Amino acid sequence: MPAVTVENPLALPRVVAPAEAVARPVLTVTTAPGGFEGEGFPVRRAFAGINYRHLDPFIMMDQMGEVEYGANEPKGTPWHPHRGFETVTYIIDGTFVHQDSNGGGGTITNGDTQWMTAGSGLLHIETPPESLVRSGGLFHGLQLWVNLPAKDKMKDPRYQDIRGGQVQLLTSLDGGALLRVIAGELDGHQGPGITHTPITMIHATLAPGAEITLPWREDFNALAYVLAGRGSVGIDRRPVHLGQTAVFGSGSSLTVRADEKQDSRTPDLEVVLLGGQPIREPMAHYGPFVMNTREELQQAFEDFQKGRLGTVPAVHGMTEGGL
């Protein structure tokens with residue numbers, strides 16, 4: 001799990017919650033069910049079974065892989081539409097190629113993030129490169145959906161290409177954890193992702209036995225999803241492991257700890273920490289569209305069917321009728 005790393009975390013800025021911070025309790029721990037997405041790549045549905053009031057402004061998150069593909073096995077998605085929200089694709093291992101009908105796109109690999117604001121709507125596709133399809137190899141990543149408030153749902157689409165080297169790297173007081181701030185801010189340190197909806201997204205790696213207690217905005221919710229390894233969350237050390245999501249209650253700090261013993265295959269605890277300012281608006285969500293009302297949802301389907309969300313670029317030799 002390379003993502004982005006450093007030889008000496010102690011050379012990085014250190015983050016710790018102030019002594020007067022109020023610890024957030026752990027409300028629930030859920031286990032993500034498995035499934036398949038796109039053309040058949042395996043995913044874990046990180047937010048399945050969690051009440052939306054704890055997730056807002058996040059809609060869904062899939063852990064893609066971790067999977068070791070054989071030759072000719074890697075899979076992606078066909079062309080498909082989106083409107084009304086943002087997709088955040090974070091690649092930990094492997095490579096994904098993205099293209100959209102708005103002219104955005106590129107290749108993302110170890111530690112890179114593709115941040116696409118669908119806004120008023122577009123078509124896009126995500127596929128492994130031909131070289132990976134031919135050879136096979138390791139693939140592991142996340143896709144997060146972030147809702148947009150009503151005032152931003154019909155904004156022009158926007159695409160951000162965030163390289164792994166751009167993320168803000170921080171550490172804990174003893175250097176036992178590496179914190180990668182992808183978006184938002186942590187203790188005054190800003191990540192590169194530009195968001196319409198105020199959020200924080202962090203990929204944390206904790207060495208065996210390491211613990212972090214981080215300051216957390218009181219007006220944000222707080223979620224921790226385990227990508228790999230074993231540990232505990234909260235000051236009462238609620239156990240968590242691969243594929244589990246912890247929901248924290250209110251407060252101004254959150255605590256995560258790695259178990260002293262980890263599996264040989266995953267030497268560290270790998271966790272994604274998410275927080276966001278709830279939008280608290282009605283939501284009408286179906287398939288690739290996230291709107292505020294049923295009428296807006298119906299309009300999105302109609303606009304897609306009539307080609308108003310863009311067309312598939314001719315370079316791919318495809319037409320909309322093939323979707």
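This structure is a prediction, so every number in the text was calculated from the model and none was measured. Position 1 is the first residue of the sequence, and the numbers go up from there.
- Atom CD of Glu302 is surrounded by more than 12 heavy atoms from other residues, nucleotides or ligands within 6.0 Å.
- Under the 30°/60° scheme for interplanar angles, the aromatic rings of Phe301 and Tyr286 are found to be tilted.
- Inspection of the Thr213 and Ser253 side chains reveals no N or O donor paired with an N or O acceptor under 3.5 Å.
- Side-chain polar atoms of Asp219 and Gln277 form a donor-acceptor pair below 3.5 angstrom.
- Side chains of Gln143 and Glu126: a donor-acceptor N/O pair is present below 3.5 angstrom, by distance only.
- More than 12 heavy atoms of other residues, nucleotides or ligands shown are found within 6.0 angstrom of CZ on Arg280.
- Open room surrounds CZ on Arg294; 12 or fewer heavy atoms of other groups in view lie less than 6.0 Å from it.
- Ring centers of Phe85 and His285: at least 6.0 Å apart, outside the cut-off.
- Between the side chains of Gln244 and Tyr225, no donor-acceptor pair is found at a separation under 3.5 Å.
- Defined by atom type and a distance below 3.5 Å, a donor-acceptor pair is missing between the side-chain atoms of His196 and Glu86.
- Using a 4.0 Å cut-off between charged side-chain N and carboxylate O, Arg163 and Asp161 make a salt bridge.
- The aromatic rings of His82 and Trp145 sit perpendicular, their planes meeting at an angle over 60°, well past the 30° parallel limit.
- No side-chain N or O of Glu218 forms a donor-acceptor pair with one of Ser252 less than 3.5 Å apart.
- The two residues Arg180 and Val4 have their closest heavy-atom pair at NE-O, 2.6 Å.
- Ring geometry, Phe58 versus Phe47: the interplanar angle falls from 30° to 60°, so the pair is classed tilted.
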